[in-house]
Amino acid sequence: MSVRTRFAPSPTGFLHIGGARTALYNWLYAKHHGGSFVLRVEDTDAERSTKASMQVILDGLKWLGLDWDEGPGVGGDFGPYHQSERVEIYDRYLAKLEASGHVYEDEGAIRFRVPDKLITVHDEICGDVSTNLKEQGSRRFNTETNEEEEANPDIVIKRPNGGYIFHFVNVVDDIEMGISHVIRGEDHLSNTPKHLALFEAFGVTPPTFAHIPLNLNPSGTKMSKRDQGALIHEYQESGFLPAAVNNYMALLGWSAKDDQEIFLPEELQSRFDLGGINKSNSKFDYDKCKWVNGEHLRQLSSTDLQDWAGPFLTRAGLPAGDARVPAALELSRERAQLLSEIPDVIATIFETVVTYDETSVAKVASQDDIANKLSALTSGLEGAESWDEVAIKSTITEAAQGVGVKMGALMLPCRVGVMGSTSGADLVPVLVLLGKPEVIRRLQEFSSQFG
RNA sequence: GUCCCUGUAGUGUAUCGGCUUAACACACCUGACUUUCUAUCAGGUAAGCCGGGUUCGAUUCCCGGCAGGGAUGCCA
């Protein structure tokens with residue numbers, strides 16, 4: 001039997017990291033086993049579902065590269081893929097339950113008669129979990145009175161207004177769409193017995209279930225939109241690479257069982273499987289996520305780096321088309337973890353007026369004999385016959401010897417004078433990139449304040 | 001309240017009933033690099049929730065407690 005997984009978001013908000021990670025696991029599992037990944041929109045709650053929200057979710061999945069084999073915009077043999085368009089199917093399934101006496105009406109709603117027996121979920125991750133829905137559902141906790149009250153254990157599957165309820169449509173669609181593996185958040189583990197009861201009522205063998213642990217925020221509670229790293233579109237804006245976000249999300253609850261943590265997309269696909277998923281919830285760590293991104297940044301080809309960084313350069317007001325950009329980007333690779341950090345690292349290369357960092361300048365100004373050092377440096381560089389890294393380095397060394405100091409004593413003033421700050425990309429390559437006249441110009445201008 | 005899942009350093013994971021001084025990564029701290037650093041290299045701090053039991057031996061298996069999370073909707 002071929003593997004068919006699905007991601008079934010409800011378009012009532014943004015694409016959340018939890019949802020994205022669920023989508024990723026389903027996608028990876030399908031890809032790993034040569035199966036299909038289906039995208040299904042669970043918009044049965046008309047009041048809360050919006051087109052805009054759907055678009056954000058679709059955009060997020062596309063950005064992450066989690067393409068679906070069937071679903072909105074793609075089609076497929078099991079459509080339509082919006083639940084709001086599948087009402088006839090649900091009506092048909094409801095009729096089956098009516099015919100077999102599994103349902104009854106209750107104040108306009110339709111309830112599914114829950115069996116009075118132990119139902120066991122065979123979960124790939126959590127193991128066997130048993131519940132008796134009738135017993136369990138006949139008591140309900142009232143959050144207002146803080147007391148337990150009697151309740152009807154039979155589950156509502158259709159509202160008085162005609163709308164179908166999640167548990168029912170979810171099961172019907174998984175049957176109709178031939179879903180083989182349901183990989184979803186552990187928050188659904190407690191719902192699964194209800195789903196199994198429905199599968200049984202329909203006389204259908206249920207799919208394989210795998211409930212994955214949840215991702216919590218650093219304080220250990222449910223991630224909310226306000227938590228850093230919660231929303232996928234923000235990753236795009238802050239300069240993350242989709243491959244890195246996928247990599248990091250995969251690591252939250254899954255491991256390759258060895259020391260490898262950085263996975264290229266293809267590697268992730270070939271290495272990922274249910275066996276590597278652990279059971280405990282994890283807390284989101286933004287720093288580690290950024291580190292993963294930095295690692296991916298370093299592995300990018302030059303042309304990919306240019307493609308990804310381009311928009312961020314433009315946004316920062318830098319000339320993305322400048323001939324020196326590719327070389328500058330290479331210099332930035334090791335200093336940046338996010339694409340959005342790149343402009344800061346290399347901006348000085350494209351500036352006509354250098355922005356000086358006060359503390360950096362003060363550091364230089366406090367050096368002994370600084371005017372003399374700077375002039376030795378400037379004239380030394382001015383006299384350099386060639387302008388490559390080797391030549392520049394030896395020129396600076398010679399200039400340093402001339403004034404009786406070590407090379408390092410000139411490097412710092414040179415860095416601050418040319419780049420405006422003690423931090424930034426490697427100095428010598430930047431000098432090469434700027435060209436001799438510009439370097440001399442900057443040094444002279446900088447020196448003038450120490451006359 | 002009831003039911004379910006989970007509980008290894010701050011965080012994410014690994015290993016394992018004895019072969020371990022419990023490993024790796026991020027973060028943090030220190031040192032080095034006589035070019036800063038947000039880079040690189042080297043080093044360091046830091047963990048088996050608690051209590052019982054099984055066993056020659058348990059972090060690993062079982063039970064209880066506690067803690068965290070989830071469910072308990074005519075939301076999904």
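First the proteins, then the strands, lettered A, B, ... as listed; each starts at 1. The shown structure was predicted, so the numbers you read here are calculated from the model rather than taken from an experiment.
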Heavy atoms from other residues, nucleotides or ligands near CD of A:Gln260 exceed 12 (cutoff 6.0 Å): yes
Hey, could you give me each pair passing side chain to side chain donor-acceptor pair (under 3.5 Å) that has a residue in residues 219-230 of chain A? Not counting sequence neighbours. A:Asn217-A:Ser219, A:Asn217-A:Thr221, A:Asn217-A:Asp227
Checking all strands, does A:Gly253 fall into the base, sugar-phosphate, or nothing category for heavy-atom contacts under 4.0 angstrom? sugar-phosphate
5′-ward residue of the pair A:Arg415/A:Asp128 relative to RNA chain B: A:Asp128
Restricting to pairs with a member in residues 411-431 of chain A, which pass salt bridge (charged side-chain N to carboxylate O under 4.0 Å, His left out), not counting sequence neighbours? A:Arg335-A:Asp426
Pair A:Arg333 + A:Glu330, salt bridge at N-O below 4.0 Å: yes
Could you tell me whether A:Tyr356 and A:Phe446 have their ring centroids closer than 6.0 angstrom? yes
Counting only Watson-Crick pairs (N1-N3 plus N6-O4 or O6-N4) and G-U wobbles (N1-O2, O6-N3), all under 3.5 Å, who is the partner of B:U13? B:A23
Most 5' of A:Val428 and A:Asp187 on RNA chain B, judged by nearest nucleotide: A:Val428
Is A:Asn146 close enough to B:G1 that one of its side-chain N or O atoms is under 4.0 Å from OP1 or OP2 there? no
Decide if the gap between the ring center of A:Tyr286 and the ring center of A:Tyr248 is smaller than 6.0 angstrom. no
Please measure how far the P atom in B:C4 lies from the corresponding atom in B:G65, and state the result in whole Å. 12 Å
Could you measure between the two P atoms, the one in B:C49 and the one in B:A58, and give it in whole Å? 15 Å
Output the rounded distance in Å from CG (A:Asn215) to C1' (B:G70). 14 Å
What integer number of Å spans the C1' atoms of B:U8 and B:A22? 8 Å
Remember a base hit wins even if backbone is also touched, and classify A:Ser423 as base, sugar-phosphate or nothing at under 4.0 Å, heavy atoms. base
By the Watson-Crick or G-U definition, both distances under 3.5 Å, B:G43 is matched with B:C29
For B:G51 versus B:G7, give the span between their C1' atoms, rounded off to a whole number of Å. 15 Å
Sugar-phosphate only, base, or nothing, as touched by A:Ser421 at under 4.0 Å among non-hydrogen atoms: nothing
Within the 4.0 Å heavy-atom criterion, would you say A:Lys257 contacts the bases, only the backbone, or no part of the nucleic acid? sugar-phosphate
Sort me out a list of protein N/O and nucleotides 62-64 of chain B N/O pairs below 3.5 Å, or just none if empty.
none

Please classify the nucleic acid contact of A:Glu42 as base, sugar-phosphate, or nothing, using heavy-atom distances under 4.0 Å. sugar-phosphate
Which whole number of Å gives the distance between the C1' atom of B:U55 and that of B:A9? 29 Å
Going by the rule side chain to side chain donor-acceptor pair (under 3.5 Å), which residues pair with A:Ser340 if we only count those two or more places apart in sequence or in a different chain? none
The side chain of A:Lys406 is closest to which nucleotide in this list: B:C5, B:C3, B:U34? B:U34
Under 4.0 Å between any heavy atoms, over every strand shown, what does A:Thr12 touch: base, sugar-phosphate, or nothing? Just pick one. nothing
May I have the step-by-step check of ring-ring contact (aromatic ring centres under 6.0 Å, His included) for A:His195 and A:Phe166, ending in yes or no? CA-CA 10 Å; A:His195 301 172; A:Phe166 161 72; 5.6 Å; yes
Looking only at the side chains, is there a donor atom on one of A:Arg184 and A:Thr192 sitting less than 3.5 Å from an acceptor on the other? yes
Taking any strand in view, what nucleotide pairs with B:U34 in a Watson-Crick or G-U wobble way, both distances under 3.5 Å? none
If the cut-off is 4.0 Å, is A:Arg159 near the phosphate of B:A76, judged by side-chain N/O to OP1 or OP2? yes
In whole angstrom, give the distance that lies between atom CD of A:Glu47 and atom P of B:C75. 9 Å
So what does A:Asn170 hit on the nucleic acid, given a heavy-atom distance under 4.0 Å: a base, only sugar-phosphate, or nothing? nothing
Those residues of residues 279-291 of chain A lying under 4.0 Å from RNA chain B by at least one heavy atom: A:Lys279, A:Ser280, A:Asn281, A:Ser282, A:Lys283, A:Asp285, A:Asp287, A:Lys288, A:Trp291
So, applying side-chain contact (heavy atoms from CB on, under 4.5 Å) with A:Tyr164, which one of A:Asn170, A:Ile157, A:Asp91 is it? A:Asp91
If the C1' atom of B:A27 is compared with that of B:U15, how far apart are they to the nearest Å? 23 Å
Please report, rounded to the nearest Å, how far the P atom of B:A71 is from the NZ atom of A:Lys222. 5 Å
Work out how far the C1' atom of B:A67 is from that of B:A25, and round it to whole angstrom. 27 Å
Could you pull out the protein-nucleic contacts involving nucleotides 39-50 of chain B (nitrogen or oxygen on both sides, under 3.5 Å)?
unit_1, atom_1, unit_2, atom_2, d
B:A39, O3', A:Arg298, NH2, 3.4
B:A39, O2', A:Glu334, OE1, 3.1
B:U40, OP1, A:Arg298, NH1, 2.8

Exactly one of A:Ile232, A:Asn26, A:Ile212 should register a side-chain contact (heavy atoms from CB on, under 4.5 Å) with A:Arg21. Which one does? A:Ile212
Look at all strands and tell whether A:Lys158 reaches a base, only sugar-phosphate, or nothing, counting heavy atoms closer than 4.0 Å. nothing
Look at all strands and tell whether A:Glu107 reaches a base, only sugar-phosphate, or nothing, counting heavy atoms closer than 4.0 Å. base
Separation of A:Asn247 atom CG from B:A25 atom P, in whole Å? 16 Å
Once you round it to whole Å, what is the distance between C1' of B:G70 and CD1 of A:Ile212? 14 Å
Decide if atom CZ of A:Phe199 counts as having more than 12 heavy atoms of other residues, nucleotides or ligands within a radius under 6.0 Å. yes
Sugar-phosphate, base or nothing in reach of A:His188, heavy atoms under 4.0 Å: base
Calculate the interatomic distance between A:Lys194 atom NZ and B:C4 atom C1'; express it in whole Å. 13 Å
Spatial distance of atom OG1 (A:Thr131) from atom CG (A:Leu196) [nearest 0.5 Å]: 9.0 Å
Which whole number of Å gives the distance between the P atom of B:C28 and that of B:G10? 16 Å
Can the ring centroids of A:Phe272 and A:Tyr25 be said to lie less than 6.0 angstrom from one another? yes
